[in-house]
Trainee: 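Can you keep this structure in mind? I'll have questions shortly.
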Amino acid sequence: MDAKALKAEFPILNQDINGHPLVYLDNAATTQKPIKVIEAVKRYYEWDNANVHRGVHTLGSRATDAYEGAREKVARFINAPASRQIIFTRGTTAALNIVASGYARQTLREGDEIVITPMEHHSNLIPWQQAAKATGATLKYIPLQPDGTISLADVESTITANTKIVSMTYISNVLGTINPIAEVAKIAHKNGAIIVVDGAQSTPHLKVDVQALDVDFYAFSGHKMCAPTGIGVLYGKAQLLERMEPVEFGGEMIDFVELYDSTWKELPWKFEGGTPIIAGAVGLGAAIDFLQEVGLDNIDRHEKKLTRYAMDSLSAIDGITIYGPRQERAGLVTFNLGDVHPHDVATVLDTEGIAVRAGHHCCQPLMRWLQVSATARASIYLYNSEEDIDRLAQSLVRTKEFFL
Ligand code: 7TS
């Protein structure tokens, strides 16, 4: 895989910021878009745009084919048994909220337990807090090990016969921890619980097979994998989705409507009320084509190598603290530089054309566990190279000299 050649396919990356060539290292927040995705969305609006599932006119059937074709691509991409198990949403947050407002509130009773971890993004935490409050269920946490991983012994002891839902991120957006989802799924199922997985940080970076993992629900966002903002996916096992009532009501999701009652369309459309995110789905389909051409295994290998390089380069900087596991981690490095505020670190890096994120990363309980109020974070993707990491490391040394 040639990261530099790939970078040339992303028009936005070819610019100067504050007089320096841009180094984009904020990929965990959102990734940039290759020309193929931009062109696919442009072509859709220039040639095929219409509403879906209604018109008999040619544009209507082209738009429907494009939208449903994208659903087929997503199903193959994560190895879902059928495309009707793919629900298009606005993103990971919206997908997890469908499960928490639909499945959880419709099935949980007082005394039931929801089990999550302290490393969850707010999107996979607040919906469960709210579902617990609404149903009388209890929210429980699998504790973190000192290095920011979870142990299977703790998973075993936290999940009980009262646990109905286990929800967990596949990859932490702060620690880079890769959770053992297949093993956790086995433990959840053994106890009669279902497992919900937040795939926001995993789907863009490694090959995901929802059947091999044996997960019950799986959520992810298009914008973190080269697709436009505003499109995401909820995958679910067919029998669970069939049992679940819709959470949004209106046009497009109904079968028959009478004055005082209505019936719903079949899967997946009963969960897609209103005009769907057609252009977004087209963009996601194009992004999947692009990622598959590059090859998920190649992306994974490239990022692992670059992460090791980044861990080595950044660890060598005096006064830096890096959070999360040393080995077996995903392509992001979260850190603090002495007691320089991470916003100051990110601001100085920006003056040298380097984009990183600073803040709590939507993980306030995890910040408390780390005993910090905020951190800086550099996160990589397929277009990043060792040169980008060198620029980051050199700039961090200058930042440290400036402040300390
Ligand atoms: N889950 C995880 C693990 C995430 O990293 C994010 C976004 C979300 C859920 C929410 O995704 P959304 O597309 O619905 O917003 N994470 C980040 C981040 O780390 N910096 O900005 C957004």
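Counting convention: from 1, in listed order, for ligands and their atoms alike. In this chain, numbering begins with 1 at the start of the sequence shown. Since this is a predicted model, take the numbers as computed values, not measurements. The figures here come from the full heavy-atom set of this structure, side chains too, leaving out hydrogens, waters and symmetry mates.
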Trainee: Is it the side chain (CB and beyond), the backbone, both or neither of Ala29 that lies under 4.0 Å from ligand 1, heavy atoms counted?
Mentor: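 Looking at Ala29 and ligand 1, atoms from backbone and side chain both fall under 4.0 Å.
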Trainee: What protein heavy atom sits nearest atom 4 (C) of ligand 1, and how far away is it?
Mentor: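 Ranked first by proximity to atom 4 (C) of ligand 1 is His121 CD2, 3.4 Å.
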Trainee: Below a 4.0 angstrom heavy-atom separation, can you tell me which part of His223, side chain or backbone, both or neither, approaches ligand 1?
Mentor: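 Near ligand 1, His223 shows its side chain, while the N, CA, C and O stay back.
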Trainee: Any side-chain donor paired with an acceptor under 3.5 Å for Tyr323 and Asn336?
Mentor: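 Yes, Asn336 and Tyr323 have a side-chain donor paired with an acceptor closer than 3.5 Å.
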Trainee: What are the atoms of ligand 1, with element, lying closer than 4.0 Å to any heavy atom of Thr92?
Mentor: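 Once the distances to Thr92 are compared, the set is 9 (C), 11 (O), 14 (O).
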Trainee: What about His361: any of its N or O atoms under 3.5 Å from an N or O on ligand 1?
Mentor: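 For ligand 1, there is no N or O atom that lies under 3.5 Å from one belonging to His361.
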Trainee: Got a donor-acceptor contact below 3.5 angstrom from the Asp214 side chain to the Ala182 backbone?
Mentor: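 The answer is no, because no donor-acceptor pair under 3.5 Å joins these two groups.
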Trainee: For Ala63, is there any backbone N or O sitting under 3.5 Å from a side-chain donor or acceptor partner on Asp48?
Mentor: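 No: the side chain of Asp48 does not pair with the backbone of Ala63.
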Trainee: Starting from atom 15 (O) of ligand 1, find the nearest protein heavy-atom neighbour and note its residue, name and distance.
Mentor: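 Answer for atom 15 (O) of ligand 1: Thr93 OG1, 3.8 Å.
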Trainee: Would you mind telling me if ligand 1 is within reach of the side chain of Thr169, the backbone, both or neither, using heavy atoms under 4.0 Å?
Mentor: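 The part of Thr169 near ligand 1 is the side chain, not the backbone.
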Trainee: Do the side-chain N and O atoms of Ser221 and Thr92 include a donor-acceptor pair separated by under 3.5 angstrom?
Mentor: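 A pair is found: one side chain offers a donor N or O, the other an acceptor, under 3.5 Å apart.
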Trainee: Tell me: protein heavy atom nearest atom 19 (O) of ligand 1, and distance?
Mentor: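 Answer for atom 19 (O) of ligand 1: Arg377 NH1, 2.7 Å.
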Trainee: If we ignore angles and hydrogens, is there a donor and acceptor under 3.5 Å between the side chains of Tyr309 and Asp390?
Mentor: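 Checked: Tyr309/Asp390 side chains pair up, N/O donor to acceptor below 3.5 Å.
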Trainee: Quick one: which ligand 1 atoms are inside 4.0 Å of a heavy atom on Ser221?
Mentor: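 Taking each heavy atom of Ser221 in turn, ligand 1 has 11 (O), 12 (P), 13 (O), 14 (O) under 4.0 Å.
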Trainee: Run down the list Arg357, Lys224, Arg90, Met168 and name the one with the heavy atom closest to atom 16 (N) of ligand 1.
Mentor: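 Looking at heavy atoms only, the winner is Lys224.
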Trainee: Can you list the atoms of ligand 1 that are under 4.0 Å from a heavy atom of Ala28?
Mentor: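 Heavy-atom distances to Ala28 below 4.0 Å select 16 (N), 17 (C), 18 (C), 19 (O).
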Trainee: Just to be sure I read this right, does ligand 1 sit under 4.0 Å from the backbone of Asp198, its side chain, both, or neither, counting only heavy atoms?
Mentor: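 The side chain, only.
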Trainee: If we count only N and O atoms by modelled type, under 3.5 Å, do the side chains of Asp154 and Gln145 hold a donor and an acceptor together?
Mentor: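 A donor-acceptor contact under 3.5 Å links the two side chains.
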Trainee: Between Asn27 and Tyr383, is any side-chain donor less than 3.5 angstrom from a side-chain acceptor?
Mentor: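 There is such a pair between these side chains.
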Trainee: Do His121 and Thr169 meet the criterion of a side-chain donor-acceptor pair at a distance under 3.5 Å?
Mentor: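 Judged by distance alone, the side chains do not pair up.
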Trainee: Test Asp300 against Lys304 for salt bridge (Lys or Arg N to Asp or Glu O under 4.0 Å), laying out the working first.
Mentor: CA-CA 6 Å; Asp300 190 20; Lys304 281 209 173 94; 3.2 Å; yes
Trainee: So which heavy atom in the protein is nearest atom 5 (O) of ligand 1, and how far is it from that ligand atom?
Mentor: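 The closest heavy atom on the protein side is Gln201 NE2, 2.7 Å.
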